[in-house]
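Below is one structure, written out as structure tokens, with a few remarks after it.
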Number of protein chains: 2
Amino acid sequence: MLPGCTVQELVDRVAGKWSVCILVAAADGPIRFTELERAITGISRRMLTLTLRNLERDGMLVRTVYPTVPPRVEYSLTPMAQELHAALLTIITWAERHRADVAQARERYDTRT
Amino acid sequence: MLPGCTVQELVDRVAGKWSVCILVAAADGPIRFTELERAITGISRRMLTLTLRNLERDGMLVRTVYPTVPPRVEYSLTPMAQELHAALLTIITWAERHRADVAQARERYDTRT
DNA sequence: CGGAATCCGGGATGATACTG
DNA sequence: CAGTATCATCCCGGATTCCG
């Protein structure tokens, strides 16, 4: 696993905090900007925009603009991103299964003499 | 996917750049500090130490000290971390498979008028 | 509604030096 | 060999403002 290699960069990019949130939130179908903003507690508008742009640039998201008033923009996962989402779910499931274990390990580590 | 929730934090922690590198490097068996330093190009000694401590604290790594001269310290994955490593391999494999796709998507995005 | 642009503070990170 | 300590820096991301 060499830093600087493309795979490393790609893993970093898609494993980012907000990227994961967006991929999960958009997994169930097209979702609007404001819906994402509400679904992802704590994200700033700026980071939402930037992360969406990066994911779109990487071919993970399709951005569809409906020229209505008010404007309506929907984001949906590409097939490639759906594969990624499935893989991410494995990690998330793992994290849920071991949440208590990690908490316990931390406590033991922190209370060591 | 709510930021602030424990699962989110855990995914963030284990999905970190150096954490992934260390987990991969240690997957094939116990590995020494200096071996990690050489295996992970670009990591500073400081970040290696900090990331190792965090992974150990979270119960992902076991640190074994052999009281020899010079000192010998080996790090190995816990069963929990081995499960995580398997899941990470899925992501890494995905990244390798789609490396070219992402590069092409970026080029198209950047050269758009 | 869905952004873009700007400013700016702090935590993450690197560099360097020292040590049991 | 396997770290720790300290300082300096840098850039990530929040806050704010403005816009079609």
Side-chain angles (χ1 to χ4, degrees), chain A residues 1-4 8-9 11-22 25-26 29-58 61-76 109-110 112, chain B residues 1-4 8-22 25-26 29-58 61-76 109-110 112-113:
Chain A
M1 180 59 73
L2 302 173
Q8 175 68 43
E9 292 170 7
V11 170
D12 275 1
R13 166 67 58 84
V14 299
K17 178 178 182 171
W18 300 128
S19 295
V20 171
C21 290
I22 290 175
I31 187 170
R32 302 181 59 175
F33 186 90
T34 308
E35 290 173 340
L36 282 168
E37 206 171 7
R38 273 184 282 111
I40 306 174
T41 310
I43 195 172
S44 64
R45 181 162 300 186
R46 169 190 162 82
M47 285 314 294
L48 179 56
T49 300
L50 289 178
T51 311
L52 285 172
R53 287 297 164 273
N54 279 328
L55 289 173
E56 186 192 356
R57 183 169 103 100
D58 287 351
L61 288 180
V62 174
R63 179 171 180 270
T64 309
V65 180
Y66 299 94
T68 58
V69 176
R72 176 190 185 86
V73 179
E74 285 187 347
Y75 296 89
S76 56
Y109 186 94
D110 292 342
R112 87 201 179 277
Chain B
M1 180 58 73
L2 300 174
Q8 174 69 42
E9 291 168 9
L10 188 49
V11 170
D12 275 1
R13 165 69 58 86
V14 299
K17 178 178 184 172
W18 300 128
S19 295
V20 172
C21 291
I22 291 175
I31 187 170
R32 304 180 58 175
F33 185 89
T34 309
E35 291 173 339
L36 281 168
E37 204 171 9
R38 274 184 282 109
I40 304 173
T41 310
I43 196 172
S44 64
R45 181 161 303 187
R46 169 190 162 80
M47 283 314 295
L48 179 55
T49 300
L50 288 179
T51 311
L52 285 172
R53 289 294 166 275
N54 279 328
L55 289 174
E56 186 193 355
R57 184 168 103 100
D58 287 352
L61 289 181
V62 173
R63 181 171 179 270
T64 309
V65 181
Y66 298 94
T68 60
V69 176
R72 176 189 185 86
V73 179
E74 285 186 346
Y75 295 88
S76 55
Y109 186 93
D110 292 341
R112 86 199 183 278
T113 41

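All chains are named by letter (A, B, ...) in the order of the sequence lines, taking the proteins before the strands, and each is independently numbered beginning at 1.
- To the nearest angstrom, P of C/dA12 lies 16 Å from CH2 of B/Trp18.
- Closest of all the heavy-atom pairs between B/Ser19 and B/Val14 is CB-O, 3.7 Å.
- Atom pair B/Leu52:CG and D/dG3:C1' shows a separation of 10 Å (rounding to whole Å applied).
- If you measure from atom CG of A/Leu48 to atom C1' of D/dT16, you get 17 Å, rounded to the nearest angstrom.
- No donor-acceptor pair closer than 3.5 Å links the side chain of B/Arg53 to the backbone N or O of B/Leu50.
- What separates CD of A/Glu56 from C1' of C/dG3 is a distance of 13 Å, to the nearest Å.
- Note: CG (A/Leu50) to C1' (C/dG3) measures 11 Å, nearest angstrom.
- Among the atoms of the strands shown, base atoms are found under 4.0 Å from some heavy atom of A/Arg45.
- Summarising the geometry of A/Leu61 relative to A/Ile22, their closest heavy-atom pair is CD1-CG2, 4.1 Å, with the distance given to 0.1 Å.
- Of the two residues near DNA chain C, B/Pro71 and A/Tyr75, the one whose nearest nucleotide lies more 5' is A/Tyr75.
- As rounded to whole Å, 18 Å separates atom C1' of D/dG3 from atom OH of B/Tyr66.
- Residues B/Met47 and A/Arg63 each lie close to DNA chain C; by heavy-atom proximity, the contact nearer the 5' end of the strand is made by A/Arg63.
- Under 4.0 angstrom from either OP1 or OP2 of D/dA2 there lies no side-chain N or O belonging to B/Arg38.
- B/Ile43 places its CD1 atom 13 Å from the C1' atom of C/dA12, with the value rounded to the nearest Å.
- Phosphate contact (OP1/OP2 of C/dT16, side-chain N/O of B/Arg46, threshold under 4.0 Å): absent.
- Closest to the side chain of B/Ser44, from the set C/dG2, D/dT4, C/dG14, is C/dG14.
- The phosphate of D/dA2 (OP1 or OP2) has a side-chain N or O of B/Thr34 nearer than 4.0 angstrom.
- To the nearest angstrom, C1' of D/dG20 lies 19 Å from CZ of A/Arg72.
- Listed candidates were C/dG14, C/dG3, D/dC1. Nearest to the side chain of A/Phe33 is C/dG3.
- B/Arg63 is not listed as a side-chain neighbour of B/Leu52, based on a closest heavy-atom distance of 4.5 Å or more.
- The shortest heavy-atom contact between B/Ile43 and B/Glu37 is CG2-O, 4.4 Å.
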